[in-house]
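The block underneath contains the structure these notes are about, expressed in C-alpha cells.
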Amino acid sequence: MAFFEQHIHPAPKTFLSKYVFSFDHKVIGKQFLWYGIFFLGVGGMMALLIRWTLAFPGEAFPVLGPLLFPDNGGVVPPDTYAMLFTMHGTIMIFYAITPILIGAFGNFCIPLMIGARDMVFPTLNMLSFWLAVLSAVLLLAGLVTPLGAAAGGWTSYPTLSTLIGSPGVGQTLWALALFVVGISSIMGAINYITTVIVLRAPGMGYFDMPLTVWGLWLTAILNAIFLPVLGAGLLLLIFDRVFGTTFFLAGAAATSGTGDPILFQHVFWIFGHPEVYILILPAWGIVSDLLSFFARKPAFGAKSTALSMTAITILSTVVYGHHMYTTSMSPLLTQTFMALTMTISIPSAIFFANWLGTIWKGSIRFSTPMLFSLGVVFVFGLGGLTGLYLATVTVDFYLHDTYFVVGHFHYTMAASVLLGGFAGTYFWMPKMFGKMMNEFWGKVHFWITMVGLNGLFTGMMVVGYAGMHRRLYNPFVYDFLHKLIPINMFVTVCAIIMGASQIIFVINFVHAVFFKKENATQNPWEVGTLEWTIPSPAPSHNFDVIPVVKCGPHELGNPNLTSGRDFQYQTEELVKA
Amino acid sequence: MKRTLKFVALMLTLSTGLASASEKMSLWQRMQPPEDIGTYGHLIHYLFNFTTYLNIFFFGLVCIGIFGFSFLYSAKRHKKPLYTHGKNKKEILTVVGIALAVFIIIDMQITRISAHDYQTVFMNFPKGKDVYKVEVMAQQWMWNVRLPGKDDVFNTLDDIVTNNDFHVPVNKKVVFQIISKDVIHALYIPNIRMKVDATPGKITRMWAEFTKPGIYEIACAEICGTHHYKMRARLVVHDAEDFVKWQESAQAIALTVNNPEEPDNFWGWQWKE
C-alpha cells in the first residue's frame, strides 16, 4: 500500500555522516538506545540514593556518598533528596524509557517491519535525536546551578514550581528541557505516524502490521496530540517564572492578581495520563508479538488486540481526573472520572485474555526475549489490578500520595516497560548489531531482575498501605511509621539487587556489540516478519527490492506447511490445506 | 573500611529482622495501617478488602495461565502447537466472557460501592450548630489551626490559634476548612484514612468524627519543599470532660495573647456553610 517507493541512497562513508549526523533510521535508533541506557544508569543511581536515604536515614551512602556530599559527611541532604526524586522521575520517563521504547524501537522497527527503506522524513528524524541531546544538556545543566536542579517533583505542581517554592534557575531549565524534549518527541511522532500510513509495503493492510508497529503507532498518535498540551502548560509556567505572569499563582504571594494552581494540574494530567499509555503501548505491542513468535503459533485474536489497544488509546484521554481526587473537584466530575477509568479494564482484559490465549497449546521456547515477555504479563497483571484500588475515589482518599501509588505506577510504568524493553533488546539485537547476546547470562539477568523488582515494588505497596506517604526525606520522624523501618530496609536491599543485576545486562550488551566474534544468522529466532527477510545486521537501505506482503505477521505452526520450516515469511502466500 | 563494616553490620541487623529493635512485631502487624479512630475508615477497608479478594481471584487466573501453560506447553513437552488465530466463535466468546466478567464482577461493584460511600458519607458534610468547626491554614512547613472561640465566629479576638496542634472532642462531628498560604499541601490524617489538599486561593473541606481519645499524628502528604517531611502536627482527641478543661484554659490564654493591632493574627475567614 505504499504511496511511493523510496530511492536507494548510497551508504554514507565518513564517520560523521555514518555514526553522528546520520539520516539512517537504524543508526538513529541505536543512538537513542545508547542515550536511553546511559540515562537509565543515571536515573537508577538516583533511585539507589533515594532508597538508601529511606532505609538508612542519616547514614552515609557507601562509596559514592563522601564524594558527592563531602559537606554532609556523605549523607544525602534533604534539599538534594527532593532534587533526586524529581530528577529520577523526569529522567526515567523522558530520558530513559521514552528514548529506548519509542526512540530506539520506534525508529529501528517501524521501517523494517513495514518494508520501507527509511522513515518518511529522515532529516526530521535526525533533528529529533539532536534536540533530545540538547534537552538532556539543559536538564543536566540544572545540576550545576547555584540552587541546584528542579526539586518540585516530576509533576512540578505550582505554586511549588513557581518562584514562591523554587527560586532557583534549575526549575526553569527543567521546564525548558521538557519543552525541548517534547518538541523532539513530536517530531518523532509525526514521522512515525506518516511512515506507517504512507510507506507500508505493497499488500500490507493495517491488520497485517506486526502488533509492535501497532503499539508504536498508537503511541506516536498520543504523543502528537498530548505533548503539545504539556508544552503549553510548561510555557505558561516558564512565563510565570520569568516574565512575572500569574497563570498559576495564588495565595499570599500573588500580589498582582491571582491565577489558579489547580489549572496546571488539569493541563498536566490531560497530558500525564495518556503519557503512561505512551510508555506502555510499545511494550504491549512487543510482548503481543514475541509471545506468538516464541509460542510458535499465531497471535490469538491479533485483530482484537490491536483494536483494544486502540480503545485504550482513546479512553486514556478521558480519565485523567483520577489523579486529582483529593483536590476537591466537583463531586459530579469525580464520579464521572471514576466510572470512565473503570471502563479501561474491558479492553485491558481482552488483550490479557489474548496473551494467555496465545501461549495456550503453543510449543513454547523459553529464550530470553520470551522470558521477559512472560515477565511483562506477570508484572502488568499486578500493576493493572492494583490500579483498581486507586481508581475508586474513597480508597484513594487513604492511598493517594502514599507509597502504594508509587508501587503501583512502578509496576505499570517501570517494571512492565523495562522488561518489555529488555525483551525487545534481546530480540532485535541480531538485526541491530549483527550479534546475539549471551542466552545464559540473559536468563540470569531476567531471574535476578524479577526477584529484585517484585520485592522492590511489592514492598513499596506494603509500606504505602501501612500509611507511609511519598517524598519523605526521613519517614521515621513520624511515630506511626517507625514499625516500617525493617520493611523499608528490605525494599532497599531489593533495589540494590535489581540495580546490581543490570550490570550483567550492560556487560552482556557491550560484549555483544563490540567484542563478540561470531555473527548472528539472518533469522535466528525463526520468525516471518519482514525485518528477518534481510541480512543481519540490516544493510543501510534495508531492502534491495521492496517486499510484497501476502500474509499476516504471525503465521507460525501452520500444519499445512511443506517447506520444512514451521513458519512462513510475510512475503509468502498463506499456505492452505 | 569502617564504612564497609558499618554496611555489613546494617545488613546483619536487617537479616535478623530486628532493625527497629525496640519492639517485636510480626511482619503482618508491621504491614497494618495505624489504628482506625474514625467513623468511615471501615468503609474504606471494606472496599479495599473486597477489591483484594477479587484481585487475588483474577490474578490467580492470570498466574494459572502463565505458569500452567508454560509448564504444559513448553516445546519439550508439547511439540505440535495448535494452529489457531483465535477467531472462531468459541474463542471469541471466551475472551468477551472474561472481559465482561472482569468488568461486571469487579469494576461495576467497586464503582457502585465507592460512589455510594462517596455521596452518602464523604461528601455528606454535617451542618448546623452542633458541628465542631476548625479552620486550617497550611504554610511551608507548618499547620496553623484556628478555632472560633466562645462567640462561635471566626477571625475575632477570642479565636484560639495553635500551631501544629489540633485539639478535637471525641464523638463529635468535626469539619475542617483548609487553605494554604504558599504552595499546595495536603492534610493527611492516617488514623481516619483521609486526606484533602490545601490549595492557595481555594478553600477545601473535610469532615471527620473521632471515636477514641488519645494523641495521634497529622502529616502533609503533598510535596511542599525541602522540609516537607517535617510538616508534622499533633492531633489530640479529648474525651468530653477533658475537652472542656482544655477549651477553657486555651480560651483564657487566647484572650491574653491575641493582639488586635497585629494583622497577621487574622488570617481566618468567615465560615462557609
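Both backbone and side-chain heavy atoms feed into the values below; hydrogens, waters and symmetry mates do not. As the structure is a computational prediction, the values presented were derived from the model and not from experiment. Throughout, protein chains are lettered first and strands after them, A, B, ... in sequence-line order, and every chain is numbered starting at 1.
For Phe351(A), no part lies near chain B; criterion is any non-hydrogen pair under 4.5 Å. At a 4.5 Å heavy-atom cutoff, the contact between Leu556(A) and chain B is made by backbone atoms alone. For Cys63(B), the part lying near chain A is the side chain, with the backbone staying farther off; criterion is any non-hydrogen pair under 4.5 Å. Using a 4.5 Å cut-off between heavy atoms, Phe67(B) contacts chain A through its side chain alone, with no backbone atom that close. Heavy atoms of Met137(B) lying under 4.5 Å from chain A are absent altogether. No part of Ala186(B) comes within reach of chain A, as not one of its non-hydrogen atoms sits under 4.5 angstrom from that chain. Neither the backbone nor the side chain of Pro475(A) comes within less than 4.5 Å of any heavy atom in chain B. Contacts between Leu72(B) and chain A at a heavy-atom distance below 4.5 Å are absent for every atom of the residue. For Gln29(B), the part lying under 4.5 angstrom from a heavy atom of chain A is the backbone only. No part of Thr258(A) comes within reach of chain B, as not one of its non-hydrogen atoms sits under 4.5 angstrom from that chain. For Ser70(B), the parts lying under 4.5 angstrom from a heavy atom of chain A are both the backbone and the side chain. Of the two parts of Phe380(A), neither the backbone nor the side chain holds a non-hydrogen atom closer than 4.5 Å to a non-hydrogen atom of chain B. Neither the backbone nor the side chain of Ile64(B) comes within contact range of chain A; no heavy atom of the residue lies under 4.5 Å from a heavy atom of that chain. With a 4.5 angstrom heavy-atom cutoff, Gln140(B) touches chain A only via side-chain atoms. Using a 4.5 Å cut-off between heavy atoms, Val62(B) contacts chain A through both its backbone and its side chain. Of the two parts of Ile92(B), neither the backbone nor the side chain holds a non-hydrogen atom closer than 4.5 Å to a non-hydrogen atom of chain A. Contacts between Phe366(A) and chain B at a heavy-atom distance below 4.5 Å involve the side chain alone, from C-beta outward. Within the 4.5 angstrom heavy-atom criterion, only backbone atoms of Ala295(A) (N, CA, C, O) approach chain B. Neither the backbone nor the side chain of Leu249(A) comes within less than 4.5 Å of any heavy atom of chain B.
Top candidate by heavy-atom pairs under 4.5 Å with chain B, chosen from Leu472(A), Val463(A), Thr394(A), is Thr394(A). Ranked by heavy-atom pairs under 4.5 Å with chain B, the list Pro298(A), Gly251(A), Ser308(A) is led by Pro298(A). Ranked by heavy-atom pairs under 4.5 Å with chain B, the list Val377(A), Leu382(A), Asn354(A), Ile262(A) is led by Leu382(A). Your options are Val462(A), Leu385(A), Val393(A), and the one with the most heavy-atom pairs under 4.5 Å with chain B is Leu385(A). Of all the listed residues (Gly65(A), Gly153(A), Pro261(A), Ala82(A)), the one sharing the greatest number of non-hydrogen pairs under 4.5 Å with chain B is Pro261(A). Between chain B and the options Met338(A), Arg470(A), Arg365(A), heavy-atom pairs under 4.5 Å are most frequent for Met338(A).
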Going through the checks in order, is the side chain to side chain contact (heavy atoms under 4.5 Å, CB included) test met by Phe397(A) and Met206(B)?
CA-CA 11 Å; Phe397(A) 280 147; Met206(B) 153 176 155; over 6 Å; no
Under the side chain to side chain contact (heavy atoms under 4.5 Å, CB included) criterion, do Trp360(A) and Glu91(B) qualify, and how do the steps go?
CA-CA 12 Å; Trp360(A) 167 69; Glu91(B) 289 163 333; 4.0 Å; yes
Take Ser345(A) and Asp107(B), measure what side chain to side chain donor-acceptor pair (under 3.5 Å) needs, and give me the verdict at the end.
CA-CA 8 Å; Ser345(A) 51; Asp107(B) 297 71; 2.6 Å; yes
Between Asp479(A) and Arg232(B), is the salt bridge (charged side-chain N to carboxylate O under 4.0 Å, His left out) condition met? List the steps.
CA-CA 10 Å; Asp479(A) 293 333; Arg232(B) 168 177 175 252; 3.4 Å; yes
Quick one: do Met108(B) and Met342(A) satisfy side chain to side chain contact (heavy atoms under 4.5 Å, CB included)? Show the steps, please.
CA-CA 8 Å; Met108(B) 280 172 70; Met342(A) 294 294 174; over 6 Å; no
Check the pair Val477(A) / Glu217(B) against side chain to side chain contact (heavy atoms under 4.5 Å, CB included), numbers first and verdict last.
CA-CA 11 Å; Val477(A) 300; Glu217(B) 284 173 300; over 6 Å; no
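Around CZ of Phe125(B), the count of heavy atoms belonging to other residues, nucleotides or ligands within 6.0 Å exceeds 12. Summarising the local packing, NZ of Lys202(B) is surrounded by more than 12 heavy atoms from other residues, nucleotides or ligands at distances under 6.0 Å. Within 6.0 Å of NZ in Lys272(B) there are more than 12 heavy atoms belonging to other residues, nucleotides or ligands.
Below 30°, between 30° and 60°, or above 60°: for His469(A) and Tyr188(B) the angle between ring planes is above 60°, a perpendicular geometry.
The side-chain heavy atoms of Glu555(A) and Tyr83(B), taken from C-beta on, include a pair separated by under 4.5 Å. Counting heavy atoms from C-beta on, the side chains of Phe476(A) and Tyr229(B) never come closer than 4.5 Å. Contact check for Phe48(B) versus Tyr398(A): no side-chain heavy atoms found under the 4.5 Å cut-off. With a 4.5 Å cut-off on side-chain heavy atoms, Ser328(A) and Val196(B) count as touching. Counting only heavy atoms from C-beta outward, the side chains of Ile223(B) and Phe85(A) approach each other to under 4.5 Å. Residues Leu356(A) and Ile66(B) are in side-chain contact: their nearest non-hydrogen atoms beyond the backbone lie under 4.5 Å apart.
In this structure, CG in Leu484(A) is found 8.5 Å from CZ in Arg30(B), a value given to the nearest 0.5 Å.
Between the side chains of Thr327(A) and Asp197(B), no donor N or O sits under 3.5 Å from an acceptor N or O.
Although no hydrogens or angles enter the test, the distance criterion places no donor-acceptor pair under 3.5 Å between the side chain of Lys87(B) and the main chain of Lys303(A). A donor-acceptor contact shorter than 3.5 Å links the side chain of Ser363(A) to the backbone of His78(B). Between the side chain of Thr111(B) and the backbone N or O of Ala339(A) there is no donor-acceptor pair closer than 3.5 Å. Between the Lys195(B) side chain and the Thr326(A) main chain, no donor and acceptor come within less than 3.5 Å of each other.
When the side chain to side chain contact (heavy atoms under 4.5 Å, CB included) test is applied to Ala311(A), the partners found at least two apart in sequence or on another chain are Pro347(A). Scored by the side chain to side chain contact (heavy atoms under 4.5 Å, CB included) test, Pro331(A) finds Gln335(A), Tyr118(B), Met123(B) as partners (sequence neighbours excluded).
For an aromatic pair to be called close, the ring centres must be under 6.0 Å apart, and Tyr389(A) with Phe50(B) fails this.
The two residues Gly165(A) and Val183(B) make their nearest non-hydrogen contact at CA-CG1, 4.3 Å. When all heavy atoms of Gly65(B) and Ile359(A) are compared, the closest pair comes out as O-CD1, 3.9 Å. Ala99(B) and Ala349(A) get closest at one heavy-atom pair: CA-CB, 3.7 Å.
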